[in-house]
Every structure is written in C-alpha cells, then in structure tokens.
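Okay, so here's the structure we're looking at.
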Amino acid sequence: MSQNTIHLTEAEAVRMADEAAAARRSAPYNGFQPAAITSDRHEVIIRGGQVAEVKSASKTLGVPTGYAEHHRPGFIRIPGAGETTIAAAKAAGFLPHTWKEGDKLPFDDAPNGPQSDPQRGSDKATEAAEDKPQELTVAEHRAKVAGDILDRADKALGAEVTDKYLSDAVETGVIPEEGLPQGFTPTMVKQVYQGYVAQADAVLAPVGASVALLQDMLTDDELRQARHHTLSKDSDSLADLGRAAVNRLAMLPQTDPEGFMQMVADMPPAERKCIDFDKKRGEWLVKTPGKPVISYGAAVRMGLVRV
C-alpha cells in the first residue's frame with residue numbers, strides 16, 4: 001500500500017475534495033435545478049500520519065440534502081436581510097437599477113463581522129422600512145410558488161429525481177400529469193411550469209416577445225432550445241430566439257398569408273379595426289389613435305402588435 005500513498009497536507013486534501021464536488025455540480029442535470037443542489041460526502045484517509053486517500057461521493061437516497069445558496073428565479077439573498085425579490089432590492093437601494101441576474105452582487109465582497117458605523121442609529125428606521133415584506137407582482141408570485149414546490153420536491157424525493165423530471169419536460173415539452181410521486185399533483189406541476197414561464201417572459205419582454213409568441217412562431221427544435229435556455233438561465237440565447245420570433249411575426253403577411261389572415265380574424269374587434277390592407281401601397285397598415293399610420297411589420301417591431 002505504501003507505493004500508493006499520496007503525500008498531501010490537510011489543506012491540499014480538502015481542496016481536492018472541493019474540486020471533485022465542484023466537478024459534480026457542473027453536470028448537466030444539476031444545471032436545471034434553480035432552488036437547491038445535493039450535498040456531497042468528503043472522506044480523507046490518513047495512514048502513518050500522512051494523507052493516503054481522498055474520496056468525494058454524491059449523496060445516496062436517504063441521506064439528508066444540503067442546500068446551497070441557490071435562489072429562485074427573480075430572487076436574491078441579502079446579508080442580514082434574507083431573501084427578497086430583485087425588484088424590491090432595487091427599490092430599497094440594495095442593487096443598482098442596471099443590475100441583472102448573473103451580475104456580481106455589490107455586497108459579495110462586504111467584510112464579515114460588526115463594523116463601525118456612526119450612522120447606524122439614524123438608519124434603523126430606514127432599515128426597518130426596507131425589511132417590510134414587499135408586495136409581489138403576479139410574475140414574482142408565480143416564481144416564488146414554483147421555487148417552493150421545487151424545494152419541497154428536493155426534500156421529499158431527492159434533487160436527482162427532481163432534476164430528472166425537469167430534464168424530461170425540457171426535452172419533450174410535455175408537462176407530466178400522470179404517474180407523479182405521492183404528495184405531488186398535476187396542479188403543482190403546472191404551477192412550476194407557470195413559474196418558469198414568468199421567468200422566460202421577463203427575459204423576452206425587452207425584445208418585444210413572450211412565451212406565447214415563441215410557441216406560435218418557433219419550430220419544435222427551437223422551442224426545445226428555448227426551454228433549455230430558460231432552465232439554464234441563458235438569457236442572451238433566449239432573447240435571440242425572442243427576436244427571431246418577432247421578426248417572423250413581422251413577416252407573416254409575406255411568409256404565411258393564410259396564417260396571417262387567421263390571426264387577424266381572431267383579433268378582438270377593437271384591435272381588428274386598427275389593421276387594414278392598403279391596396280395602393282400593397283401592404284397591411286396599422287392605425288392607432290394619436291399615432292401615425294405605419295406598416296404592420298413596423299408596428300410589430302415597435303411592440304404595437306403582439307400575440
């Protein structure tokens with residue numbers, strides 16, 4: 001056995017165990033889980049006063065799950081204040097208004113422990129006001145409900161099982177309604193789906209798109225990519241698909257005349273009155289009160305026409 005002995009300091013042994021754990025966390029399935037990750041077991045074997053072996057293994061079923069600082073979509077954790085929505089954090093001054101998910105948090109490098117602050121006493125009233133629960137928007141509420149259900153699933157079933165359900169839904173686009181684990185209902189599954197839709201819509205809105213538009217304009221393969229981008233929080237790639245969907249909607253009169261006419265026919269009467277075909281110009285025009293008459297394609301790109 002002596003020839004297989006590895007001579008390491010204790011610090012080096014711990015570092016090796018941490019690196020092995022990090023490698024496991026980078027596996028594809030773990031990227032689908034926004035709320036929690038499974039714990040890992042690290043074992044250091046010492047022989048003759050020297051580190052002989054370092055083992056790192058993921059937990060098996062039945063071992064309590066350790067939850068890391070992963071947060072639900074649209075939420076962050078503020079030291080000393082707990083978890084709150086990004087919108088509330090910006091309103092309270094914890095985050096700059098230009099901050100977006102994935103950016104470094106301004107308090108990541110804040111020093112630990114009590115700090116001398118002559119303004120502390122005078123700021124207590126302000127801090128108390130900031131700590132008051134913020135009213136959630138519909139989208140924020142849906143994201144919170146989805147995160148709570150995923151937390152519950154992780155604790156009851158294990159994160160690997162939850163990840164498998166999510167990855168299957170991503171690949172197939174089918175929301176499971178049968179054969180669910182005991183204690184979980186189709187309603188809960190739909191609530192998780194609605195939470196991810198809210199997360200995706202928040203990314204798509206700035207480019208004039210939505211999940212509903214993607215479902216109408218994208219191919220099955222592109223929709224699968226969009227689901228992957230949503231779960232992995234690849235906002236740039238998801239926004240690119242949103243732009244593609246907007247462009248296809250703008251070109252619909254040329255690329256799919258029948259589909260366009262059906263869309264127009266299905267519009268509410270008030271919206272249908274705003275769009276008409278100009279025979280002289282040979283194109284569809286949009287007329288909205290107080291605005292110049294513009295082409296249908298331009299109206300789509302300006303966000304005046306949406307699915």
**OP:** Go through the steps to decide whether D220 and R224 satisfy the test side-chain contact (heavy atoms from CB on, under 4.5 Å), and finish with yes or no.
**Re:** CA-CA 6 Å; D220 289 343; R224 181 183 59 79; over 6 Å; no
**OP:** Before giving the answer on side-chain contact (heavy atoms from CB on, under 4.5 Å), spell out for R227 and L231 the whole-Å C-alpha distance, their side-chain angles and the decisive distance to 0.1 Å.
**Re:** CA-CA 6 Å; R227 294 190 294 269; L231 287 173; 5.6 Å; no
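Transitive grouping of hydrophobic side chains (ILVMFWY, heavy atoms separated by less than 4.5 Å) keeps M302 and M251 in distinct clusters. Put simply, V207 and L218 are part of two different groups of oily side chains (I, L, V, M, F, W, Y) that touch within less than 4.5 Å, one to the next.
With sequence neighbours excluded, the residues that form a salt bridge (Lys or Arg N to Asp or Glu O under 4.0 Å) with R248 are E222. With sequence neighbours excluded, no residue forms a salt bridge (Lys or Arg N to Asp or Glu O under 4.0 Å) with D278. Residues passing the salt bridge (Lys or Arg N to Asp or Glu O under 4.0 Å) test with E283, sequence neighbours excluded: R281. Applying the side-chain contact (heavy atoms from CB on, under 4.5 Å) criterion to T137, with sequence neighbours excluded, gives A139, E140. With sequence neighbours excluded, the residues satisfying side-chain contact (heavy atoms from CB on, under 4.5 Å) with D256 are L252, E258. By the salt bridge (Lys or Arg N to Asp or Glu O under 4.0 Å) test, R243 pairs with D240, sequence neighbours left out.
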Enumerate donor-acceptor pairs with a distance under 3.5 Å from any side-chain N or O in residues 263-272 to protein atoms, sequence neighbours excluded.
| residue | atom | partner | partner atom | Å |
| --- | --- | --- | --- | --- |
| D266 | OD1 | Q262 | NE2 | 3.1 |
| D266 | OD2 | Q262 | NE2 | 3.2 |
| R272 | NH1 | I275 | O | 2.8 |

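Residues V161 and D154 fail the side-chain proximity criterion, which asks for heavy atoms closer than 4.5 Å. Using a 4.5 Å cut-off on side-chain heavy atoms (C-beta onward), K273 and K287 make no contact. M188 places a side-chain heavy atom less than 4.5 Å from the side chain of R152.
Ion pairing between K144 and D148 holds under the 4.0 Å rule for side-chain N and carboxylate O. A salt bridge links K164 with D168: the distance from a Lys NZ or Arg NE/NH1/NH2 to an Asp or Glu carboxylate oxygen falls below 4.0 Å.
Pairs of residues two or more places apart, or lying in two chains, that qualify as ring pair (Phe, Tyr, Trp, His ring centres under 6.0 Å) and include a residue from residues 241-273 are F260-W284, F260-Y296. A ring pair (Phe, Tyr, Trp, His ring centres under 6.0 Å) check over residues 162-184, counting only residues at least two apart or in different chains, returns nothing. Within the structure, no pair that satisfies the side-chain hydrogen bond (donor to acceptor under 3.5 Å, both in side chains) test touches residues 176-189, not counting sequence neighbours. Evaluation of the ring pair (Phe, Tyr, Trp, His ring centres under 6.0 Å) test over residues 236-255, restricted to residues two or more places apart or in two chains, returns none.
The hydrophobic cluster containing V293, built from Ile/Leu/Val/Met/Phe/Trp/Tyr side-chain heavy atoms closer than 4.5 Å, also comprises L285.
Pairing each heavy atom of Q199 with each of T230, the nearest pair is NE2-O, 2.8 Å. When all heavy atoms of V211 and A200 are compared, the pair lying nearest together is CG2-CB, 3.7 Å. Looking at every heavy atom in both residues, V246 comes nearest to V300 through O-CG1, 3.7 Å.
Interatomic distance, CD of Q191 versus CD1 of I149, reported as 4.0 Å (0.5 Å rounding). If you take CE on M217 and CG on L223, they are separated by 11.0 Å, rounding to the nearest 0.5 Å. To the nearest 0.5 Å, atoms CZ (R301) and CG (L249) are separated by 9.5 Å. Interatomic distance, CG of L204 versus CG of L213, reported as 8.5 Å (0.5 Å rounding). In this structure, OG1 in T162 is found 5.5 Å from CG in L157, a value given to the nearest 0.5 Å. Of the inter-residue distances, the one linking L214 atom CG with L238 atom CG reads 6.5 Å to the nearest 0.5 angstrom.
Side-chain atoms of D276 do not come within 3.5 Å of backbone N or O of V286 as any donor-acceptor pair. R142 places no side-chain N or O within donor-acceptor distance of the main-chain N or O of G195, the cut-off being under 3.5 Å.
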